[in-house]
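Quick notes on the structure that follows.
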Amino acid sequence: MNRCEVRLTQKSITAYPGELLVFLVAANGKKLPKCNQKIRPMVKELFALGDFKGNKDESVLLYPGRSDAGKGFSCRRILLVGIGDLKKDDNQDQFLETFRKSGGVISQSAKKVKADELLLVLPEFIDETYFHLTGGLVEGLLLGNYRFRNYKKKETKKDDYHGLKTLTIYGKGGSLRRSLHRARRGAEAAMSARDMANEPANRWTPDHFSKFARDLARNSELRCTIIGKSQIKKFGMGGIIAVNQGSAIDPRVVILEHRPKNYRSTILLVGKGITFDSGGVSLKPAAGMEDMKYDMCGGAAVISAMQAVAEEKPKVRVVAIVPTTDNMSGSSAIKPGDVITHFNGITSEVINTDAEGRLILADALAYGIKEYSPDCVVDLATLTGAVIIGLGHHRTGMMSNNDLLAETLSGAGEETGEKVWRLPLDPEYTEQLESEVADVKNIGGRAGGSITAGAYLQKFVGTTPWAHLDIAGTAWEYTKKSYIPKGPSGIGVRLLLNFIGRCSSLKF
Ligand code: BES
Ligand code: MN
Ligand code: ZN
């Protein structure tokens, strides 16, 4: 991840001598867009030409040195970014997403001109009540500025840009500062999840998850527990052992805990940490198999969220558990038809070794619930290809046994732009999992594939309020947003943080 410092300034805007001066401009129906009075002459000219109206997704780069209208500015370039008509029927969540996307547009423009710093001027109507929008803007800017170059050490002429190093915002005050802090924390945690996902499977193994968690705990007040292979066996986590059987690399269960004094409730987060999913003996086709290095995005999300939790120190206890292994087809691998026993004693017939995520999550869910008695559980997993068929790449699939929990997560999803959509979980779906030989089988046929996966997990949570987020469609290949560059999106991190923030006053 490339770091970008965020600063506030009150120095003169016109005297700013840097690379890129950025103004936000709001559309205003048929009238001249609303903008800072310093750039009114420019906007007037553009508006008269019909080149710029301040609409969402509109931006224009200007060179003040060459135009009469630009006289008085000392900067090299001026970027105008449209934010649409804020009076129109958009709700607060949509405003926030517009600002996030505008942030993404700014970082893309900075990339185009290879600017490593910029000065951002907020519209005059952005006062205290709108500071959360500024937070969204900075979030989008930082997220859009993300690059992963660990394995491209040689610089080419085309690719010698290292991203923004400094982002300066014209403004002042404690509440603005706090809102920027929160934005930075969320964006950096999401980018840490992207980093983990971007690492190839030979460089992001269960041990890397362990090391990251241990280092995080060493530098914060989080507690870290790593359960190794022999203990996983001893505890009877048969799903994790089964999936790991065909691999030369040992599995781990990685646990991070934030335990504030006098906490009133406990949130358990569980993330699927398959560092590579070959499918096992039920081998996947070769085309696109390389993408299965991303099969640990759920695990990356919950561990990275803890990074922000460690800084934010919410008043609730938060426990994150990542069962992690790769899914390989070595000679001792599980075979279709094998029967395994999970942590809670439930036996499972493994019909398809490629439905491995649910096998490791089952143990982690049952273990976490027994060990930490949480008030609610949320799991995140790149669990089924079927969720992409159902919801595409724009919403995460959600299944839950608790309406309030589901609504709370939906709200968090809308506010963070990480939207979810609830799917049903009727008993009929569970019936699809009935096995001739064991308590349950691990696939329920093609029909409703995402839901039967959720129904499988449900067997391991008992009556604890629980929600399952299938992020297979949203964890990567999600390039249509200006603040999500190609590659892993870091989905779930900001949603979880927002969700945790909503939890302290709720009883599920
Ligand atoms: N990790 C995959 C799900 C996946 C597929 C994520 C495509 C992202 C993109 C999961 O382990 C898997 O293989 N699921 C199977 C389940 C099936 C065998 C019931 C699937 O979706 O095909
Ligand atoms: Mn699989
Ligand atoms: Zn998988």
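As the structure lists them, so they are numbered: ligands from 1, and atoms in each ligand from 1.
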Q | Residue list, side-chain hydrogen bond (donor to acceptor under 3.5 Å, both in side chains) with R259, at least two apart or on another chain | A |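 R259 satisfies side-chain hydrogen bond (donor to acceptor under 3.5 Å, both in side chains) with E257 once adjacent residues are dropped.
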Q: Could you check if a side-chain atom of S192 sits within less than 4.5 angstrom of a side-chain atom of F212, using non-hydrogen atoms only?
A: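 Side-chain contact under 4.5 Å: yes.
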Matching residue for [X] among [options] - test: side chain to side chain contact (heavy atoms under 4.5 Å, CB included):
| X | options | result |
| --- | --- | --- |
| V270 | L380, L457, D363, L361 | L361 |
| Q92 | H132, E97, E415 | H132 |
| T266 | P374, S373, C503 | P374 |
| P336 | I351, V350, T353, N352 | T353 |

N/O to N/O under 3.5 Å, ligand 1 against protein:
residue  : atom   : partner : partner atom : Å
ligand 1 : 1 (N)  : K272    : NZ           : 3.3
ligand 1 : 1 (N)  : D277    : OD2          : 3.2
ligand 1 : 1 (N)  : D295    : OD1          : 2.8
ligand 1 : 1 (N)  : D295    : OD2          : 3.0
ligand 1 : 1 (N)  : T382    : O            : 3.3
ligand 1 : 11 (O) : K272    : NZ           : 3.2
ligand 1 : 11 (O) : D277    : OD2          : 2.9
ligand 1 : 11 (O) : D354    : O            : 3.1
ligand 1 : 11 (O) : E356    : OE1          : 2.8
ligand 1 : 11 (O) : E356    : OE2          : 2.9
ligand 1 : 13 (O) : K284    : NZ           : 2.8
ligand 1 : 13 (O) : D354    : O            : 2.9
ligand 1 : 13 (O) : D354    : OD1          : 2.8
ligand 1 : 13 (O) : D354    : OD2          : 3.2
ligand 1 : 14 (N) : L383    : O            : 3.4
ligand 1 : 21 (O) : G385    : N            : 2.7

(Q) With no hydrogens and no angle check, just 3.5 Å: does a side-chain donor-acceptor pair link Y456 and Q432? (A)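 On atom types as modelled, these side chains do not qualify, holding no pair under 3.5 Å.
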Q. Which atom pair, heavy atoms only, marks the closest approach of A189 to A308?
A.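 Shortest heavy-atom contact: CB-CB, 4.0 Å.
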Q. Any Lys/Arg nitrogen of R184 or E188 sitting under 4.0 Å from an Asp/Glu carboxylate oxygen of the other?
A.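 Judged by the 4.0 Å cut-off on N to carboxylate O distance, R184 and E188 do form a salt bridge.
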Q. What protein N/O/S atoms sit under 2.8 Å from the Mn ion (ligand 2), by chain and number?
A.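 You should have found D277 OD2, D354 O, D354 OD1, E356 OE1.
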Q.
What count do you get for protein N, O or S atoms closer to the Zn ion (ligand 3) than 2.8 Å?
A.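 Excluding waters, the total comes to 4.
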Q.
Check for me whether the distance between the ring centres of F209 and W204 falls short of 6.0 Å.
A.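 Between W204 and F209, which both carry aromatic rings, the centre distance is below 6.0 Å.
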